[in-house]
Amino acid sequence: QDFWVPGFHGTFLLGSPFVTLPLGTTDALGDFSFSTPAPELGPGVAGVTVFCQGFFHLPGVSNFVGPLSPMLLVDSAY
C-alpha cells in the first residue's frame with residue numbers, strides 16, 4: 001500500500017510492522033553503508049524477505065524518501 005504525504009518528495013511504503021531505524025549520516029558524496037549480524041531465523045525457516053525504504057532529511061532543503069529495497073535474510077544453516 002502506498003501513501004503520499006505532501007512536503008515529502010516520494011511515496012512511503014506502509015505496512016505492518018512499520019519501523020523507523022536511524023542508521024547515520026551519509027558522506028560528502030551521499031554514500032552510506034552499514035553491516036549488522038542477522039538474528040537466528042528459527043527452526044525450519046530458510047529465509048525472510050524484509051522490505052526497506054530510505055528516508056533522507058536535508059536541512060534547509062527538503063525531505064526525501066527513497067525507493068523500495070527488498071533485502072533477503074538467509075539462515076546460516078542453508
Side-chain angles (χ1 to χ4, degrees):
Q1 175 181 0
D2 291 335
F3 180 63
W4 175 257
V5 178
F8 290 92
H9 301 283
T11 303
F12 283 111
L13 171 73
L14 297 178
S16 180
F18 180 75
V19 178
T20 58
L21 180 64
L23 296 176
T25 305
T26 62
D27 63 17
L29 298 175
D31 296 328
F32 178 78
S33 65
F34 78 101
S35 62
T36 184
E40 178 66 33
L41 298 179
V45 179
V48 174
T49 302
V50 178
F51 296 94
C52 304
Q53 184 175 27
F55 170 80
F56 308 94
H57 173 68
L58 306 171
V61 181
S62 65
N63 296 312
F64 175 75
V65 288
L68 171 67
S69 298
M71 178 174 52
L72 177 62
L73 302 177
V74 179
D75 194 286
S76 62
Y78 291 90

Remaining members of hydrophobic cluster (4.5 Å side-chain criterion), Met71: Leu41, Val45, Val48, Val50, Leu73
Could you work out, with side-chain contact (heavy atoms from CB on, under 4.5 Å) as the rule, every residue matching Ser76, not counting sequence neighbours? none
Taking all heavy atoms of Thr25 and all of Phe32, pick out the closest pair and write down the distance. O-CD1, 3.5 Å
